[in-house]
Engineer: 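Shown below is the structure under consideration.
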Amino acid sequence: MSAAKRPASVTDELLERLVARVPGRSGATWKLTEVYTGEVLVELPQSTPEDIEDAFAKARAAQELWAQWPVAKRLEVFDRAHTLLVDNAHTTADLIQVESGKNRRMAIEETCDPPMVMSYYLKRAKKLLAPKKHGGPVPIVSGSTEVRVPKGVVGIIAPWNFPFATGLSDAIPALIAGNAVVVKPDNKTALSPLYGISLLEEAGLPKGLFQVVCGEGPDVGPTLIDNADYVMFTGSTATGRVIGERAGRNLIGCCLELGGKNPMIVLDDVNVEEWVEGTTFGVFGNTGQICMHIERIYLPESRYDELKSAFVTRAANLEIGAAYDFGPEIGSLVSPDHRDRVASHVEDAVAKGATVLTGGRARPDIGPAFFEPTVLEGVTKDMLAGHTETFGPVVSLYSYRTVDEAIHLANDTDYGLNASVWSGDLARAEAVAARIESGNVNINDALATAYASKGSPSGGVKKSGVGARHGDQGLLKYTDAKNVAVLKKQVMGPRPGQAYDAYVKQMLSSLKLMRRLRVR
Ligand code: NAD
């Protein structure tokens with residue numbers, strides 16, 4: 001095994017500076033490791049409940065001032081931050097790679113997500129946050145204004161698979177809306193969000209407004225949720241239930257972005273070359289650790305052998321490697337524990353009768369957490385890989401006879417995060433997309449088009465989530481709507497001396513009149 005040399009930008013000085021902002025009064029630490037080698041990079045402080053309460057107190061104090069900044073002035077910070085994030089994309093990618101083990105192509109793509117989110121809200125936020133006038137119950141003399149008030153302090157709990165994107169991108173609209181943020185990244189991948197926050201501060205984000213606490217989820221989660229005014233969670237469906245329950249008890253809102261078992265339906269008129277390229281990324285991108293990646297592919301019986309052969313050949317020839325350059329097409333899984341989980345899904349499938357068409361093995365010769373791109377056939381619902389999320393470079397191929405059957409099989413899952421439909425005929429593909437139960441559907445792509453369309457809300461249905469990120473909803477969810485209503489003259493109720501019967505008659509005919517006037 002030839003260990004990749006750690007990137008020059010990831011110095012001990014940088015690592016110490018980054019973790020210094022994580023509170024940890026008990027002195028307990030977590031050994032954050034470089035995935036390709038398993039070597040300890042830095043001791044990450046673990047935050048106690050008192051540390052978390054302090055972080056919220058500091059965030060709350062900073063938020064009171066920040067909320068008074070005009071929106072345009074807040075946006076200036078993000079305009080500068082956009083440039084800084086893009087200019088420092090390579091250092092960010094270095095940190096993402098050392099802590100997650102993903103390949104460089106994916107790491108650099110991840111760095112683009114927060115700037116893309118910023119671009120959207122830089123264009124849109126002023127309009128979204130401006131007070132909106134609405135008519136009152138009595139024309140002219142009454143009216144109401146919808147005022148958007150920040151929630152206060154937003155707690156964000158982020159996973160390891162896109163640590164920089166989920167640590168920063170969901171915080172951006174929260175901050176723009178006038179909130180403070182306390183984020184809890186995964187212990188394994190705290191470095192890139194810490195670096196991103198330091199760049200936001202360099203761009204002018206007030207100190208104290210964006211706090212970071214670290215620790216194991218069950219240790220940190222309860223105090224974080226109990227102190228937050230809103231919770232944004234990205235992670236597994238199992239943890240999402242725990243978060244949602246606690247937020248519900250506290251009567252605070254939450255957005256839950258959870259797991260998937262994402263299907264792809266390939267129609268019989270597909271262009272094989274384009275499909276193979278798009279699907280290879282859609283299945284194996286980020287070593288299969290993308291919530292929206294494809295784990296089930298439904299192929300038409302009439303072209304099954306041809307499509308299977310083209311895809312399996314491509315999968316078998318993917319270049320796997322532990323390198324900090326753009327060479328490898330596939331990187332590592334995040335940890336040996338996760339590698340074992342992925343392997344257990346393949347072993348379970350094989351034990352119950354599935355066939356491995358390519359891959360299927362761990363690759364300790366490349367690094368401690370590598371696993372081969374794997375294609376299975378003959379997977380059934382009683383197998384782990386047949387019904388639960390594997391979250392690794394493993395996909396199952398199925399053959400279908402009719403499109404109705406394919407749609408039924410695609411929908412036969414508790415999840416509903418992402419789906420993909422491929423066809424040479426867009427109208428045909430759109431008709432299929434309309435019948436798939438999923439928060440996102442990509443036509444002639446696997447996942448990236450939907451995720452990168454920042455103007456449309458993106459979230460899961462069924463057990464894949466509650467609420468959405470992106471789009472107008474992705475910012476407005478971090479606000480409360482305050483209804484400020486004005487009555488300029490006391491005109492409601494009977495006039496002095498008017499009988500109540502007469503008043504009611506007049507009121508009811510006014511209702512009809514107002515409706516007619518609006519219709520015309
Ligand atoms: P996870 O649920 O184990 O952990 C996610 C985060 O929650 C981590 O920071 C973890 O420390 C924390 N956590 C764990 N238990 C907690 C608890 N009891 N209270 C509070 N916090 C707790 O998920 P994971 O394995 O880190 O991430 C992979 C999962 O995330 C996959 O299921 C994937 O599909 C999902 N995911 C979803 C999206 C989306 O947008 N829908 C995006 C990325 C990942």
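Every number for a ligand or one of its atoms is a count from 1 in the order of the listing.
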Engineer: Atom 16 (C) of ligand 1: which protein heavy atom is closest, and how many Å away?
Structural biologist: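 Here the nearest protein heavy atom works out to Thr239 CG2, 3.3 Å.
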Engineer: Taking NZ, NE, NH1 and NH2 as the nitrogens, is one of them in Asp412 or Lys381 under 4.0 Å from a carboxylate oxygen of the other?
Structural biologist: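 Yes, Asp412 and Lys381 are salt-bridged.
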Engineer: Protein heavy atoms near atom 4 (O) of ligand 1, is at least one of them under 4.0 angstrom away?
Structural biologist: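 No, because not a single protein heavy atom sits under 4.0 Å from atom 4 (O) of ligand 1.
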Engineer: Using every non-hydrogen atom in the two residues, find where Arg469 and Lys477 come nearest and quote the distance to one decimal.
Structural biologist: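 Here Arg469 and Lys477 meet closest at CA-NZ, 3.8 Å.
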Engineer: Please classify the Ile243 to ligand 1 contact at 4.0 Å (heavy-atom distances, strictly less than): side chain, backbone, both or neither.
Structural biologist: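 For Ile243, only side-chain atoms sit under 4.0 Å from ligand 1.
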Engineer: Is the shortest heavy-atom distance from the side chain of Pro159 to the side chain of Thr166 under 4.5 Å?
Structural biologist: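 A side-chain contact exists here, since the closest heavy-atom pair is under 4.5 Å.
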Engineer: Classify the contact between Glu389 and ligand 1 as side chain, backbone, both or neither, using a heavy-atom distance cut-off of under 4.0 Å.
Structural biologist: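 Under 4.0 Å from ligand 1, Glu389 contributes side-chain atoms alone.
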Engineer: Taking the six-membered ring for Trp and the full ring for Phe, Tyr or His, determine whether the centres of Phe281 and His293 are under 6.0 Å apart.
Structural biologist: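 Centroid distance Phe281-His293: not below 6.0 Å, so no.
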Engineer: For ligand 1, note which part of Arg469 has a heavy atom under 4.0 Å away: side chain, backbone, both or neither.
Structural biologist: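 Answer for Arg469: side chain.
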Engineer: Under a 4.0 Å heavy-atom limit, does Ile157 contact ligand 1 with its side chain, its backbone, both, or neither?
Structural biologist: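 Contact part for Ile157 vs ligand 1: side chain (C-beta onward).
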Engineer: Below a 4.0 angstrom heavy-atom separation, can you tell me which part of Phe162, side chain or backbone, both or neither, approaches ligand 1?
Structural biologist: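 Under 4.0 Å from ligand 1, Phe162 contributes no heavy atoms.
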Engineer: Is ligand 1 under 4.0 Å from a heavy atom in the side chain of Asn187, in the backbone, in both, or in neither?
Structural biologist: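 Neither part.
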Engineer: Can you tell which part of Ala158 has a heavy atom less than 4.0 Å from ligand 1: side chain, backbone, both or neither?
Structural biologist: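 Within the 4.0 Å criterion, Ala158 contacts ligand 1 through backbone atoms alone.
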Engineer: Which is it for Leu417 and ligand 1 at heavy atoms under 4.0 Å: side chain, backbone, both or neither?
Structural biologist: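 For Leu417, only side-chain atoms sit under 4.0 Å from ligand 1.
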Engineer: Starting from the C-alpha separation in whole Å, work towards a yes-or-no answer on side chain to side chain donor-acceptor pair (under 3.5 Å) for Asp445 and Thr449.
Structural biologist: CA-CA 7 Å; Asp445 191 20; Thr449 303; 2.6 Å; yes
Engineer: Could you tell me if the ring centre of Phe78 sits under 6.0 Å from that of Tyr121?
Structural biologist: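 No, too far apart.
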Engineer: Considering only the protein, which heavy-atom contact is closest to atom 24 (P) of ligand 1, and what is its distance?
Structural biologist: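 For atom 24 (P) of ligand 1, the nearest protein heavy atom is Trp160 NE1, 3.5 Å.
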Engineer: In this structure, does ligand 1 have an atom that sits under 4.0 Å from one of the heavy atoms of Gly460?
Structural biologist: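 Gly460: no contact with ligand 1 (<4.0 Å).
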